> 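Sharing a structure below in structure tokens format, with a few things to ask.
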Amino acid sequence: MSGSGSRLIGVGVGPGDPELVTVKGVNALRGADVVVVPVMDTGERGRAEATVLHYVPEDRVVRVVFALNERTDRARREAAWDAAGQRVAELLRERGTVAFATIGDPNVYSTFTYLAQTIAELVPGVGVETVPGITAMQDLAARSGAVLTEGTEPLTLVPVTAGAAVLKDALAGPGTVVAYKFGRLAHEVAAALRETGRTEDAVWGSALGLPEESIRGAEELGDGPMPYLSTLIAPARRDGGRGGKL
């Protein structure tokens, strides 16, 4: 069936604080015929859903199960993706415009990227758009006072799901390093910071903008597990005074 006239809009709803959804994002959510929110197969309410419900009535929100926490059983993950894609394709055919809410930004390590690829195959001619969202690194920088970049400094974003060795390589280089998704490997992250001499100015945060928010210096990174969606900022070494990197 043709997707002519149907639109899939990936809307970044920020890292958790409902006030950090852009005006354009709110308008996209409210203007859609239906808003899809991803939920884990455990059924618990995720950050995207909680944020969306500040702006859209519950009867216009559809929960679609994604195996977001499945990292070992590829066949099970693929089956969940296929089922989710089919469900969103049905909604596009029935309703017309579907907004998909994703935490952070839809073009930064987002579920939306894979969904859009699946939908393009299932619903030929569908229009796909994205609305940018505020990322966790921007929110953590604002809440902690950590400056992400100055002058000519590079910025490296590393998902620690790629392994602590990738993070260590980045920390050994110049500029600021941001690490995402490191909750399960917190002890390895702490070790990488120590070994590269980057602990002192680094800061980590979790549950940003939520009641259980935690923001601390990286020297407090322990060996125990932390929330999966934890964020770390290790600012560039800055010793040139104001404007030293210009």
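The figures here come from the full heavy-atom set of this structure, side chains too, leaving out hydrogens, waters and symmetry mates. The model shown is predicted, which means the values in this text are computed figures rather than measured ones. We're numbering straight along the sequence, starting at 1.
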> Taking only residues two or more places apart in sequence, or in another chain, which ones meet Arg216 in a side-chain contact (heavy atoms from CB on, under 4.5 Å)?
Trp204, Ser214, Glu220
> Of all residues at least two apart in sequence or in a different chain, which pass the side-chain contact (heavy atoms from CB on, under 4.5 Å) check with Gln117?
Thr113, Tyr114
> Return the set of residues passing side-chain contact (heavy atoms from CB on, under 4.5 Å) with Ser230 (not counting sequence neighbours), or none when no residue passes.
Phe182, Ser206, Met226, Pro227
> Are Leu140 and Leu155 connected in the hydrophobic side-chain network, where two residues link if heavy atoms are under 4.5 Å apart?
yes
> Do other residues, nucleotides or ligands put more than 12 heavy atoms under 6.0 Å from Glu200 CD?
no
> So does Thr161 get a backbone contact from the side chain of Tyr180, meaning a donor-acceptor N/O pair under 3.5 Å?
no
> Going by side-chain heavy atoms closer than 4.5 Å, which hydrophobic residues are tied to Val52, directly or by a chain of links?
Ile9, Val11, Val13, Val21, Val26, Leu29, Val35, Val37, Leu53, Tyr55, Val56, Val61, Val131
> Do the side chain of Thr51 and the main chain of Pro18 share a donor and acceptor less than 3.5 angstrom apart?
no
> Any donor-acceptor pair under 3.5 Å linking the side chain of Arg47 with the backbone of Gly104?
no
> State plainly whether one hydrophobic cluster holds both Leu193 and Met137, where clusters connect Ile, Leu, Val, Met, Phe, Trp and Tyr through side-chain heavy atoms under 4.5 angstrom apart.
no
> Thr130: what forms a side-chain hydrogen bond (donor to acceptor under 3.5 Å, both in side chains) with it, not counting sequence neighbours?
Asn107
> Do Arg237 and Arg198 have side chains that approach each other closer than 4.5 Å (heavy atoms only, starting at C-beta)?
yes
> Can you list every pair that meets side-chain hydrogen bond (donor to acceptor under 3.5 Å, both in side chains) and has a residue in residues 13-29, with sequence neighbours left out?
Asp17-Arg143
> Would Arg87 and Glu90 pass as an ion pair if we require N to O under 4.0 Å?
yes
> With no hydrogens and no angle check, is any side-chain donor or acceptor of Arg95 less than 3.5 Å from a backbone partner on Val34?
no
